[in-house]
Amino acid sequence: MPLALLALAVGAFGIGTTEFVMMGLLPDVADDLHISIPTAGHLVSAYALGVVIGAPLLAAVTSRMSRRTVLIGLMALFVVGNALSAFAPDYHLLLAARFLSGLPHGAFFGVGAVVATTMVAPERKARSVSLMFLGLTVANIAGVPVATLLGQHLGWRATFLGVSAIGLVAIASLALLIPRGETATGGTGLGGELAALKSVPVWLALGTTVAGFGALFSAYSYITPMLTDAAGYADSDVTLLLALFGVGATAGNLLGGRLADHSLRGTLFGGLISLVAVLALFPLLMTTQWSAALAVVLLGSAAFITGSPLQLMVMEKASAAPSLASSANQAAFNLANAGGAWIGGLALAAGFGATSPALAGAGLAVLGVIVAGVATLVDRRSGVPATGRERIVVTHVPGASEEMVRS
């Protein structure tokens, strides 16, 4: 695996840290800016909205630019957004800064995934994507807890300055490690990029992402009350347990990348079915503390096994516009975040018990299996091999652009 993947992982680590750290800083931000915690919660929504809007928009408008240049520019925007968050004098400017911070998120992962796959042999594409996403999952183990502690002891503004510093390290890494000639694009233009998204298989792949990760967030959004009310953990134990989720997500991400290089669709179905089983067992697993801790690890692992296969599948279904499709998949991920949390909340509000969001998530995971099954049938009717892999041949010509040809 090329060292350049490390640069992508560093950027992913910074993005993952700033995305999730706000949850732990909400009380501090609310106290400092004299707002309520529900109002401070809009800062989380503002970031997610930035991701959904920025992912396809920035990928489309930069479609003719060198991907190396795009990645560095996106990370520069990330640094600016987090620096403005650190110095925001009031709530409204902080809200705008969080929206700005979210804009480059999806496009960075989308374009980065394309760059990662062009630097390795075809049989290692999924693993290359999983190594980039490794930065995101490790952020849940180390980045978020450390950044939260930094904010609690030095103030929440110090956290965003620290994240900005990570962004600067990522810019330097990208500039040094990403080859210039290998990441220039031929570029189909905005019209060509958008036309590639008219494909039904692309939308089925995006729908699988929404359903599959909606299942995850239906449960994960309410994991704290499950652990405290159902499993009997103290509030002080939750931070360590959430780090266990990161451990499971990291293991699942690496395993999914390796397996997907052998069978993309088989890994996707295996991950989704595992997610159904884990979520369906949550009411039983949450009855004791040791099994609840196991459930947290299994949830992260089962969900993130599907991450690399879904990312690669979307890119292959839209091979004429892989950057835009890959970025759109990140927007779908954040829609899953919002939609899954909403559906899990409905289960709680209906009085079905502390673990009911997990059962709602199991239903969403079943929906993901169904959508993936429909996608398989569509592929078979159109002559795509049963493995679900469309072979993309990437030809590198020094000083020239990439040619991505479906064969």
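Looking only at side-chain heavy atoms (C-beta outward), Val247 and Thr250 stay at 4.5 Å or farther from each other. Within the 4.5 Å cutoff, the side chain of Ile223 has heavy atoms near those of the Met286 side chain. At a threshold of 4.5 Å between non-hydrogen side-chain atoms, the residues Leu136 and Glu19 count as touching. Between Leu348 and Phe352, every side-chain heavy-atom pair lies at or beyond the 4.5 Å cut-off.
To the nearest 0.5 angstrom, His105 atom NE2 is 5.5 Å from Asn334 atom CG. With rounding to the nearest 0.5 angstrom, the CH2 atom of Trp203 is 13.0 Å from the OG1 atom of Thr208. Atom NE2 of residue His42 and atom NE2 of residue His92 lie 10.5 Å apart, to the nearest 0.5 angstrom. If you take CG on Leu5 and CD1 on Ile178, they are separated by 7.5 Å, rounding to the nearest 0.5 Å. The CG atom of Leu275 lies 9.5 Å from the CG atom of Leu364; values are rounded to the nearest 0.5 Å. Atoms OH and OG1, from Tyr233 and Thr228 in turn, are 12.0 Å apart once rounded to the nearest 0.5 Å.
Between Gly257 and Ala126, the shortest heavy-atom distance links the atoms O-CB, 3.3 Å. Scanning both residues, Thr159 and Ala147, for their nearest heavy atoms gives OG1-O, 2.9 Å.
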Please table the atom pairs, donor to acceptor, closer than 3.5 Å between any side-chain atom in residues 293-310 and protein atoms at least two apart or in another chain.
| residue | atom | partner | partner atom | Å |
| --- | --- | --- | --- | --- |
| Thr306 | OG1 | Ala303 | O | 2.6 |
| Ser308 | OG | Ser130 | N | 3.4 |

List the atom pairs, with distances to 0.1 Å, where a side-chain N or O of residues 94-102 and a protein N or O form a donor-acceptor pair under 3.5 Å, not counting sequence neighbours.
| residue | atom | partner | partner atom | Å |
| --- | --- | --- | --- | --- |
| Arg98 | NH1 | Thr18 | O | 3.2 |
| Arg98 | NH1 | Thr18 | OG1 | 3.3 |
| Arg98 | NH2 | Thr18 | O | 3.1 |
| Ser101 | OG | Gly81 | O | 3.2 |
| Ser101 | OG | Asn82 | N | 3.4 |
| Ser101 | OG | Ala97 | O | 2.9 |

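Sorted by first and then second residue, the salt bridge (charged side-chain N to carboxylate O under 4.0 Å, His left out) pairs with a member in residues 137-160 read Asp32-Arg157; sequence neighbours excluded.
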Quiz prompt | Check against side-chain contact (heavy atoms from CB on, under 4.5 Å), Val115 and Met132 | solution = CA-CA 10 Å; Val115 171; Met132 182 190 69; over 6 Å; no
Test side-chain contact (heavy atoms from CB on, under 4.5 Å) on Arg265 and Asp379; report intermediate values, then the result. CA-CA 11 Å; Arg265 183 157 289 134; Asp379 281 349; 2.5 Å; yes
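Residues meeting the ring-ring contact (aromatic ring centres under 6.0 Å, His included) test with Phe245, sequence neighbours left out: Tyr220. Remark: Phe133 engages Phe109 in a ring-ring contact (aromatic ring centres under 6.0 Å, His included) (not counting sequence neighbours). Listed by chain and number, the residues in a side-chain contact (heavy atoms from CB on, under 4.5 Å) with Ala55 are Ser327, Ala331 (sequence neighbours excluded).
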